[in-house]
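Single-structure report; data block below.
Everything numeric here is computed off the predicted structure, so don't read it as measured data.
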Number of protein chains: 2
Amino acid sequence: MTRQEATQRATQRSTQRTPLNRERVLRAAVALADTTGIDALSMRRLAQELDVVPMALYKHVANKEELLDGMTDAVVGEIDPPGAGPDWRHVVRARILSARRVLLRHPWAARVIESRTGPTPAVLEYLDSTAGIFREGGLSADLTHHVMHAMGSRLLGFSQELFATPGSGGSGESADPAGSADSVAASGPPDPGLAERYPYIAELAAASHDGDSVVGGGCDDQFEFEFALDLLLDGFERLRDQGWTSAR
Amino acid sequence: MTRQEATQRATQRSTQRTPLNRERVLRAAVALADTTGIDALSMRRLAQELDVVPMALYKHVANKEELLDGMTDAVVGEIDPPGAGPDWRHVVRARILSARRVLLRHPWAARVIESRTGPTPAVLEYLDSTAGIFREGGLSADLTHHVMHAMGSRLLGFSQELFATPGSGGSGESADPAGSADSVAASGPPDPGLAERYPYIAELAAASHDGDSVVGGGCDDQFEFEFALDLLLDGFERLRDQGWTSAR
DNA sequence: ACCTGAACACCGTTCAAGT
DNA sequence: ACCTGAACACCGTTCAAGT
């Protein structure tokens with residue numbers, strides 16, 4: 001390679017890729033996790049994807065934990081801002097369902113968010129504005145406090161089921177206690193021993209798809225999520241109307 | 001070392017430790033995770049703890065995933081069997097609070113259980129007998145199915161809060177959206193900027209410890225867990241009494 | 001046939017050597 | 001002063017060599 005060729009190549013490379021910055025690192029990390037799963041996301045693999053040497057990443061994130069913090073903020077930032085409307089239940093419901101759609105787009109996000117030791121700025125902002133919806137809906141600060149706890153990670157759209165549904169991608173975001181029922185009853189030639197050993201689970205599995213669809217797990221994740229969400233919102237509203245306070 | 005000494009030492013070693021078996025491997029793994037946290041549990045470290053060569057473990061568990069499955073079963077096996085009694089709400093409540101106590105003893109267990117791709121035998125048995133409590137309480141199979149989904153991982157005593165409370169050990173089992181509020185307001189000299197940026201969170205934090213205790217996070221995890229649990233059980237009972245069915 | 005040391009293909013991060 | 005290749009201390013698991 002001549003000196004001129006080398007210069008050309010260097011120029012070409014520097015023009016064809018924008019110089020590395022935090023934003024680009026985070027976006028590449030999110031994209032990599034989306035396509036290959038969170039387990040395959042390593043600093044080395046990410047560097048390779050960005051066509052830089054691994055150590056180059058450490059100029060933009062202090063370490064892998066900070067990378068994961070940044071990815072969390074990027075994902076939480078995708079959640080729709082709270083809408084306007086007179087009905088606080090509708091507003092909070094719409095926002096949480098938006099969060100759920102975001103988590104479904106990024107199946108790895110639930111586990112990453114749960115693994116953060118503290119809330120990131122975007123999460124704090126999300127929690128603050130969501131608390132505001134409850135407060136403006138007439139719930140006392142006391143009740144809102146316990147409501148936020150009761151919602152727990154469901155606030156961010158987590159399914160919080162026990163096991164990943166068969167269909168879910170890689171690093172299970174949604175899961176399925178009654179669905180494990182379904183697996184027991186529906187997977188291949190149903191072992192008669194299982195239905196005998198777990199009679200109640202077998203019964204639940206039957207209840208889940210005696211309708212039109214008999215294929216697959218048989219559980220409608222969206223239905224189950226909204227069932228629990230509405231049950232909780234119902235309960236919150238009832239407590240508000242009763243003027244509930246924690247006794248202390 | 002003489003030949004006799006070598007024989008003695010070999011004999012001593014073989015008598016002072018029972019020969020390795022699956023049971024002993026699992027118990028050592030649980031103990032190691034309890035004391036050092038789940039992140040420090042590696043096949044190599046576990047082998048070292050048992051005073052064997054790493055490869056010796058692979059005769060008793062196929063791989064690390066199977067080790068984690070076994071640890072899950074060991075922990076879930078610690079949950080009290082369902083008690084007897086006419087009040088299904090009391091029975092299911094007591095059982096779930098027992099599960100919660102078990103998880104508090106093994107702070108790593110929640111994350112390990114969540115990471116299982118499918119239910120282990122002990123989990124299936126737990127879910128089956130818990131579904132049985134609901135069924136015998138008069139809930140239809142249909143309602144019980146959705147109830148199990150709505151409970152999600154809370155069935156196994158998971159706190160399901162967003163972030164680990166400051167006090168919780170290592171691999172966060174319990175967490176705290178409103179508690180993150182508390183951290184914001186309570187940590188050190190409260191940055192006035194934070195309360196302005198997150199006014200609702202600041203308000204919740206204030207609501208959480210305007211009582212007697214002002215120290216620490218200020219949240220009573222046990223209270224929050226039971227608040228949500230009872231809210232859900234209330235809702236289930238109400239649906240049962242209304243003869244609720246999913247429309248399909 | 002059984003057991004196991006060395007090796008393989010990784011990992012996050014440190015650090016010193018090179019420019 | 002900046003950048004980065006090599007190195008460090010790990011990891012789960014394979015595999016072939018040794019008994």
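Counting only N and O atoms by type, the side chains of A:Ser115 and B:Arg111 include no donor and acceptor under 3.5 Å apart.
The nearest whole Å value for the distance from the CG atom in B:Leu32 to the P atom in D:dC11 is 11 Å. One atom, CZ of B:Arg45, and another, P of D:dC11, lie 9 Å apart when rounded to the nearest Å. The nearest whole Å value for the distance from the CG atom in B:Leu57 to the C1' atom in D:dC11 is 14 Å. With rounding to whole Å, A:Asp39 atom CG is found 14 Å from D:dG12 atom P. Per the geometry, CG belonging to B:Leu20 stands 14 Å off C1' belonging to C:dT4, to the nearest Å. Rounded to an integer number of Å, the gap from B:Tyr58 OH to D:dC15 C1' is 13 Å. Residue A:Leu46 contributes atom CG, which lies 17 Å from atom P of C:dC10 at whole-angstrom precision. The NZ atom of A:Lys64 sits 8 Å away from the C1' atom of C:dC11 (whole-angstrom rounding).
If you check every strand for non-hydrogen atoms under 4.0 Å, A:Met43 touches sugar and phosphate atoms only.
Across the strands present, D:dA1 finds its partner in C:dT19; the criterion is a Watson-Crick or G-U wobble pair with both atom distances under 3.5 angstrom. The pairing partner recorded for C:dT14 is D:dA6, the criterion being a Watson-Crick or G-U wobble arrangement whose two distances lie under 3.5 angstrom.
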- Kindly determine whether B:His149 and A:Phe225 satisfy ring-ring contact (aromatic ring centres under 6.0 Å, His included), including the steps that lead there. CA-CA 8 Å; B:His149 274 286; A:Phe225 186 85; over 10 Å; no

- Check the pair A:Phe158 / A:Ile113 against side-chain contact (heavy atoms from CB on, under 4.5 Å), numbers first and verdict last. CA-CA 10 Å; A:Phe158 289 29; A:Ile113 294 172; 3.9 Å; yes

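When each of A:Lys59 and B:Glu65 is assigned the nucleotide of DNA chain D with its nearest heavy atom, A:Lys59 is the one assigned upstream, toward the 5' end. Residue A:Ser42 is the one, among A:Ser42 and A:Met55, whose nearest nucleotide of DNA chain C lies closer to the 5' end (criterion: closest heavy atom).
At least one donor-acceptor pair closer than 3.5 Å links the side chain of A:Ser98 to the backbone N or O of A:Asp80. In this structure, the side chain of B:His60 does not engage the main chain of B:Val25 through any donor-acceptor pair within 3.5 Å.
The side chain of A:Arg44 lies closest to C:dG12 when the candidates are C:dC3, C:dA7, C:dG12.
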